[in-house]
Amino acid sequence: MSEPTTGHKSEHGDEPAESFHFIEQIIRDDLASGKHPGIHTRFPPEPNGYLHIGHAKAICLSFGLAAKYNGQVNLRFDDTNPEKESQEYVDAIRRDVQWLGFDWNGGEFFTSDYFGQLHAFAVKLIEDGHAYVDHQSPDEIAAGKGTPTRAGQESPYRNRTVEENLALFQEMKDGVHPDGHCVLRAKIDMAHPNMHMRDPIIYRIKRAHHHRTGDDWCIYPMYDFAHGQSDSIEGITHSLCTLEFEVHRPLYEWFIQALDIFPSRQIEFARLNLDHTVMSKRKLLTLVEDGVVDGWDDPRMPTISGLRRRGFTPESIRTFCDRVGIAKRENVIDFSLLEWALRDHLNRVAFRAMAVLDPVKLVIVNYPEGQTEMLPSENNPEDESAGHRALPFSRTLWMEREDFKEEASRKWFRLAPGKTVRLKSAYIVSYEDHVVDADGRLQEVHVSYYPNSKSGSDTSGIKAKGTLHWVNADTAVDAEVRLYDRLFSDPKPDGHEGREFSEFLNPESLEIRTGCKLEPSLAQAEGGTPFQFTRLGYFTLDGAKSESEGHMVWNRSVTLRDGWKG
RNA sequence: UUCCCCAUGGUGUAAUGGCAACACUACUGAUUUUGGUUCAGUCAUUCUAGGUUCGAGUCCUAGUGGGGAAACCA
């Protein structure tokens, strides 16, 4: 699965030895020592939003490790807060994980499946004197917690008897008390240096309709009293999560010990940060709700669905996650690494096609009027087996406006007075004339061609420095093409104290081009299939958008690398 | 004036006490019917101070810097 990207020299030769990140190291040690016969991981999203590229890192980690070590992975929806969760998100998450190419061979679960078991765990805790019902108000509880630098104070309800707590907890469950009237707390240590150990709340009363359990429950377990226990119930050996849960680990372990259940082990790694974007579900939700973007799957969003619509492939995202690595250090990954991963994949698999985004007439003055010939063009120079297609060619073509300049230096390889270029897969042409309108705007470029310079049978001996893409005018297909740039102009939009991330939105993140001219074969393209538009970049047809707009809409996934610094 | 985590080129990640490397980015050059690809190359790195050791990026101590922690969120 994940091949080592780097390694140190082995003692025996020049072969680089495989190197493992710290989590894989732990797994290998546990397997070697026999601590576990096999590994079992899980991916536990809360269904309260769409998955993003940061989740992809976690997914690739947990699924990838399980696959590599012949273990199992569970997909578990951590649905303990009914107010924020919904079936829509469950469906979207399932689809995204699947699309990324992963299969939850350990099964699909919901924390809500364990509400009965979790309740029983809570009762056991009470019976063992490890939990109590607290009737303090939220403010009183917060005040009683103390601060990181000052110890908390014990609740006046802390020493109720087991019987009283049992009865009260039963009342909470039975709906005797109104929302927020009281909570169940673990009895640990109000002076603990770790705030999470100061008698954490483990159950609260919340009369909210749950997307799966409906109104069966009016009390819901808190994250800390659900996550570790769910891991344990499912026999998760290695529970991988991001760094912000580091301070929760002592609690995670405390519950496992107090309950005497299967000891899953929580291991934390640094979450993924990408520059020029935001990654928190809350902020992404804001962008969606404020209409800044066209939904969770807007091609500029760092969501899995957005990247998919943009034209990213599962392979490219997996490659990206591999290259990003796993460590505990805070990081901000260059967006260019994501782009590189996409280009690297698409260059190998995407068929080439010709399209002109800003069309200008190109007339071949010495080409017979009314004549059309079909010229073969390779579908992918990187893959011989991709074959060829036939391009219609005639006297009038479309060329790219930016491929002509009235005054050009000798470093300009495109069209200009006195210049000669090759038309891709066709003929070599030389400048003859050009036409501008009253505003000085270019209308037409006239060239003459060399009949003996035809691609594949060129006997002209002429060498043209530049090669231009073109589309035959008569047979061109009209389309709208959307060009995307980074959503934010600042590399760390949410990294400015006292300023909103939305202040750094890039006003030019979306550019809509209409009246683009595509080669006729593209009329049959299917949504989601990647193409390289020669010299322009990688593009994919936006199926849903095309349907709703009533005409073809193409999204540019990523540009080609541009070595031209003119 | 608390607790936890982290510190290697511009970015990310390796080096498991023994020659600091790989990738991305940027830049050069070669090739090229995509100013793409490919190939060759260049720039650039162990936070500080002590200590242990024959030997420290790695272990120890302190400092500095960064991040996290006080929701009836996850």
Side-chain angles (χ1 to χ4, degrees), chain A residues 4-9 16-17 19-21 25 44-46 48 78-81 83-85 134 137-138 141-143 145-152 179-185 192-198 201-206 219-220 222-224 226-227 241 243-250 268 270 275 281-282 323-334 336-341 343-344 347-348 352 354 377-378 381-382 411 413-414 421-426 428 453 455-456 458 464-469 532-537 559-566:
Chain A
T5 51
T6 59
H8 59 274
K9 298 278 172 69
S19 77
F20 308 100
H21 56 70
Q25 197 75 247
E46 180 187 13
N48 69 340
D78 209 353
D79 55 350
T80 58
N81 186 5
E83 287 169 337
K84 293 184 176 170
E85 299 151 4
D134 194 341
S137 69
I141 289 178
K145 280 230 167 188
T147 70
T149 55
R150 202 181 61 244
D179 286 13
H181 186 248
C182 52
V183 294
L184 184 68
R185 289 232 254 173
H192 198 105
N194 181 337
M195 298 289 292
H196 293 277
M197 299 296 274
R198 323 244 262 226
I201 293 170
I202 59 181
Y203 259 98
R204 78 282 211 185
I205 303 170
K206 186 175 283 206
I219 56 172
Y220 292 94
M222 297 287 289
Y223 166 84
D224 285 308
H227 203 99
C241 63
L243 247 30
E244 67 265 33
F245 293 103
E246 216 159 20
V247 287
H248 291 251
R249 193 186 340 127
E268 312 85 13
D275 65 5
K281 280 186 193 169
R282 201 203 92 232
R323 294 309 180 101
V324 151
I326 298 295
K328 298 187 77 164
R329 188 181 350 168
E330 296 290 338
N331 60 78
V332 182
I333 310 293
D334 287 348
S336 59
L337 185 66
L338 225 202
E339 296 182 323
W340 167 82
R343 290 191 190 108
D344 182 57
N347 178 51
R348 286 178 278 120
R352 315 285 125 127
M354 297 225 266
S377 187
E378 60 211 341
E382 305 296 312
K411 300 254 285 180
F413 300 161
R414 311 177 195 179
V421 301
R422 151 127 7 230
L423 296 179
K424 172 72 180 169
S425 299
I428 292 176
S453 67
S455 275
D458 184 354
K465 263 295 212 180
T467 300
L468 305 188
H469 60 280
Q532 182 194 106
F533 288 177
T534 302
R535 299 211 301 137
L536 297 176
T559 61
L560 255 25
R561 263 185 81 217
D562 191 4
W564 164 241
K565 275 130 197 121

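Scope of the values below: all heavy atoms of this structure, side chains included, with no hydrogens, waters or symmetry mates. Lettering of chains follows the sequences in order, A, B, ..., and the numbering in each one begins at 1. Here the structure is a predicted model, which is why all the values come from computation and not from measurement.
Not one side-chain nitrogen or oxygen of A/Arg352 sits closer than 4.0 Å to the OP1 or OP2 atom of B/U34. OP1 or OP2 of B/C73 has at least one side-chain nitrogen or oxygen of A/Lys206 nearer than 4.0 Å. Of the side-chain N and O atoms in A/Arg204, one or more sit less than 4.0 angstrom from OP1 or OP2 of B/C73.
Both distances falling under 3.5 Å, in either a Watson-Crick or a G-U wobble arrangement, occur for no nucleotide opposite B/G57. Across every strand in view, B/A71 sits unpaired, with no contact that passes the Watson-Crick or G-U test at under 3.5 angstrom. Base pairing of B/G35: no nucleotide in any strand meets the Watson-Crick or G-U wobble criterion (both distances under 3.5 Å). When both distances must be under 3.5 Å, the Watson-Crick or G-U wobble mate of B/U11 is B/A23. With a cut-off of 3.5 Å on both Watson-Crick or G-U wobble distances, the partner of B/U46 is given as none.
Comparing atom distances between the A/Lys145 side chain and each of B/A70, B/C4, B/G36 picks out B/A70 as nearest. Side-chain proximity of A/Arg561 to the nucleotides B/A74, B/C5, B/G36 is greatest for B/G36. Here B/G36 is the nucleotide among B/C73, B/G36, B/C72 with the atom lying nearest to any side-chain atom of A/Glu382. Of the candidates B/U33, B/G68, B/G10, B/G68 carries the atom nearest the A/Val247 side chain, counting heavy atoms from C-beta on.
Each of A/Asn347 and A/Asn331 lies near RNA chain B, and the nucleotide nearest A/Asn331 is the one positioned closer to the 5' end. Mapping A/Pro381 and A/Gln25 onto RNA chain B via the closest heavy atom, the residue that lands nearer the 5' end is A/Gln25.
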